[in-house]
There are 2 protein chains.
Amino acid sequence: MSLDHAILGLLSERPRSGYDLKTRCFDDALKPFWTADQAQIYRTLERLKAAKHVSVTTRRCAGRPDRRIYEITRSGREQLDAWLAQAHPSPTLRDPFLLQLYFGASVPDDDLLGVLESRRAEHERRLEELRLAASELAAGKLGPRTEVLRQTALDGAAERERALISWLDDCIHAVTEGALPGSEGRGIGQRHLFGAEPA
Amino acid sequence: MSLDHAILGLLSERPRSGYDLKTRCFDDALKPFWTADQAQIYRTLERLKAAKHVSVTTRRCAGRPDRRIYEITRSGREQLDAWLAQAHPSPTLRDPFLLQLYFGASVPDDDLLGVLESRRAEHERRLEELRLAASELAAGKLGPRTEVLRQTALDGAAERERALISWLDDCIHAVTEGALPGSEGRGIGQRHLFGAEPA
DNA sequence: GTCTATTATATGTTCTATCCTATATTCACC
DNA sequence: GGTGAATATAGGATAGAACATATAATAGAC
């Protein structure tokens, strides 16, 4: 239910429409922390409205569809505060790339290197995004506690990326230096090593 | 479709039953890389069978339900090899904890500290699991390339955890030293700062 | 003697996320 | 005059993950 709370958090700053949430929050400042597509946002707003955590005011716009401006209610704030103050389990990480390494004994060095380098580029790209977000944050538009906390959150995400990049560099180095034992073909030898299925 | 390939990878080592995959792979050695519940595994095996990537042999067992042993087919191996050799997008990270920091300006230091410490404990727990997995791996039962790759994968996951723990330590330190600006109440002042919704 | 765990497979339901499509208008560009 | 982008909301379809329940026998604990 984290998307609910992301939206409640955004609405606790000021009232917004669904479109506004999408284009000016989830596609922008919130992107490093949580993403959501448009359909999800509108559906979540409906749900929050049904739960009375937000209220709606329709604003007429000539020609266009009416704008529905959502505002957080007292019960929404209470819900948000309770959620913010308690610990939540961290999501289990499921990364296809680690599976590739795990099962990659039959993959030729060249292909392996390609995968490693594309992964490295991706983390570098994310790190760049985080740097950009951090520089946009430092404009003094927010309260000091908010600003420090957001910088800290960005920094945590950046640490993660940096750790992965330096590890990937080690991997790439090992492969290009030929430090990785040669390709093993696949499985036939191992099947004998393991023996038959136990009864 | 990574679960499909995790299962194909496991079956490329040796034939296994669904129960076997669950209890001896996904709950064990594969746990740091990919988890799956029983229902998911059986349904995926069905799907792989329909796609002719695995074949089944039923083994009668007195009293118990028959054991269905799955074996990878030639087309399954081809599918697996192709997947292993190409790059896949890394999953977008969505971590409720980062949202908590992002919106946490109204949370009292004590609650914040509780959240930080419980998160730290969780990463420490995972790191311990990774250490255990690494020591179980170093038994010489596998080919040299497989062993190095698996150690490397575990090491990458461990680096991630270590980076987060050291960052969390900084956060905890900052809060306990009072380096974090005081609580801001919530929103009322900010609402004025931001001004009204633009027309 | 009952209760729980283990071995083994399978279905049902719900939730979340992603993608695609529909609707409706204004404005800028070519 | 047509095309596409921006503004704005909403529904449908699908896939993945999580959780719960059904069935069925044996072995061991209390």
Side-chain angles (χ1 to χ4, degrees), chain A residues 1-7 15-28 30-31 33-51 54 56-70 88-96 99 197-199, chain B residues 1-7 15-27 31 33-51 54 56-70 88-96 99 197-199:
Chain A
M1 313 287 281
S2 291
L3 178 58
D4 299 48
H5 297 98
I7 288 179
R16 287 181 184 273
S17 70
Y19 186 79
D20 205 27
L21 286 168
K22 173 61 178 157
T23 57
R24 284 216 276 269
C25 304
F26 287 98
D27 285 350
D28 192 48
L30 212 63
K31 207 167 138 198
F33 306 114
W34 208 272
T35 56
D37 85 341
Q38 175 258 80
Q40 234 183 319
I41 291 169
Y42 283 108
R43 273 190 268 248
T44 302
L45 284 170
E46 265 314 295
R47 191 149 31 83
L48 289 173
K49 200 187 74 179
V54 300
V56 198
T57 331
T58 303
R59 192 174 294 180
R60 291 284 144 79
C61 296
R64 290 188 209 155
D66 294 343
R67 249 176 134 184
R68 297 162 62 78
I69 310 291
Y70 293 85
H88 306 283
S90 67
T92 47
L93 34 65
R94 274 197 202 83
D95 190 337
L99 280 182
E197 173 86 349
Chain B
M1 313 291 280
S2 292
L3 179 58
D4 299 48
H5 297 98
I7 288 178
R16 287 182 185 272
S17 69
Y19 186 79
D20 206 28
L21 286 168
K22 173 60 178 157
T23 57
R24 284 216 277 268
C25 303
F26 287 98
D27 285 351
K31 207 167 136 198
F33 306 114
W34 207 273
T35 57
D37 83 343
Q38 174 257 82
Q40 234 182 319
I41 291 169
Y42 283 108
R43 272 192 268 247
T44 302
L45 284 170
E46 264 316 292
R47 192 151 28 86
L48 289 173
K49 199 187 73 177
V54 300
V56 197
T57 330
T58 302
R59 192 173 295 180
R60 291 283 144 80
C61 297
R64 292 189 206 154
D66 294 343
R67 252 173 131 186
R68 298 163 61 79
I69 310 291
Y70 292 86
H88 306 284
S90 67
T92 47
L93 37 64
R94 275 195 201 85
D95 190 338
L99 280 183
E197 173 85 348

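No experiment lies behind these values; they were computed from the predicted model shown. Side-chain atoms are counted along with the backbone in the values below, which use heavy atoms only and exclude waters and symmetry mates. Here is how names work: the chains are called A, B, and so on, in the same order as the sequence lines, proteins then strands, and each is numbered from 1.
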Of the candidate nucleotides [options], which contains the atom at the shortest distance from the side chain of [X]?
{"X": "Arg68(A)", "options": "dG11(D), dT9(C), dA10(D)", "answer": "dA10(D)"}
{"X": "Tyr70(B)", "options": "dT18(C), dT9(D), dA10(C)", "answer": "dA10(C)"}
{"X": "Tyr42(A)", "options": "dA15(D), dA17(C), dT9(D)", "answer": "dT9(D)"}

Give the rounded distance in Å between these two atoms: [atom1] of [X] and [atom2] of [N].
{"X": "Arg47(B)", "N": "dA10(C)", "atom1": "CZ", "atom2": "C1'", "answer": "15 Å"}
{"X": "Leu21(B)", "N": "dA8(C)", "atom1": "CG", "atom2": "P", "answer": "12 Å"}
{"X": "Ile7(B)", "N": "dG16(D)", "atom1": "CD1", "atom2": "P", "answer": "12 Å"}
{"X": "His5(A)", "N": "dC15(C)", "atom1": "NE2", "atom2": "P", "answer": "15 Å"}
{"X": "Asp20(B)", "N": "dA8(C)", "atom1": "CG", "atom2": "P", "answer": "8 Å"}
{"X": "Asp37(B)", "N": "dA10(C)", "atom1": "CG", "atom2": "P", "answer": "15 Å"}
{"X": "Tyr19(A)", "N": "dA24(C)", "atom1": "OH", "atom2": "C1'", "answer": "14 Å"}
{"X": "Leu93(B)", "N": "dA17(C)", "atom1": "CG", "atom2": "C1'", "answer": "15 Å"}

Whether Arg24(B) contacts dT7(C) is assessed here as follows: a side-chain N or O lying under 4.0 Å from the phosphate OP1 or OP2. Is that the case? no
Presence of Thr23(B) side-chain N/O under 4.0 Å of dT7(C) phosphate oxygens OP1/OP2: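 Checking Thr23(B) against dT7(C): no side-chain N or O falls below 4.0 Å of OP1 or OP2.
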First of Ala39(B) and Met1(A) reached from the 5' end of DNA chain C, by closest nucleotide: Ala39(B)
Starting at the 5' end of DNA chain C and moving along, which residue's nearest nucleotide shows up first, Gln40(A) or Gln38(B)?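 This one resolves to Gln38(B).
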Reckon [X] touches a base, only the sugar-phosphate, or nothing at all at heavy-atom distances under 4.0 Å?
{"X": "Glu46(A)", "value": "nothing"}
{"X": "Ala36(B)", "value": "nothing"}
{"X": "Arg43(B)", "value": "base"}

Give a yes or no on whether a salt bridge exists between Arg43(A) and Glu46(A), defined as a side-chain N under 4.0 angstrom from a carboxylate O. no
So, Arg24(A) and Asp20(A), do they make that salt bridge, N to O below 4.0 Å?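 Looking at Asp20(A) together with Arg24(A), the answer is yes, because their closest N to O distance falls below 4.0 Å.
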Give the minimum heavy-atom separation between Ser17(B) and Ile69(B), together with the two atoms involved.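 Closest heavy-atom pair between Ser17(B) and Ile69(B): CB-CD1, 4.1 Å.
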Please examine the side chains of Ile41(B) and Gln38(B), heavy atoms only from C-beta on, and report whether any two atoms are closer than 4.5 Å. no
Is Cys25(A) close to Arg16(A) at the side-chain level, that is, under 4.5 Å between some pair of heavy atoms?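 Yes, close enough: below the 4.5 Å cut-off.
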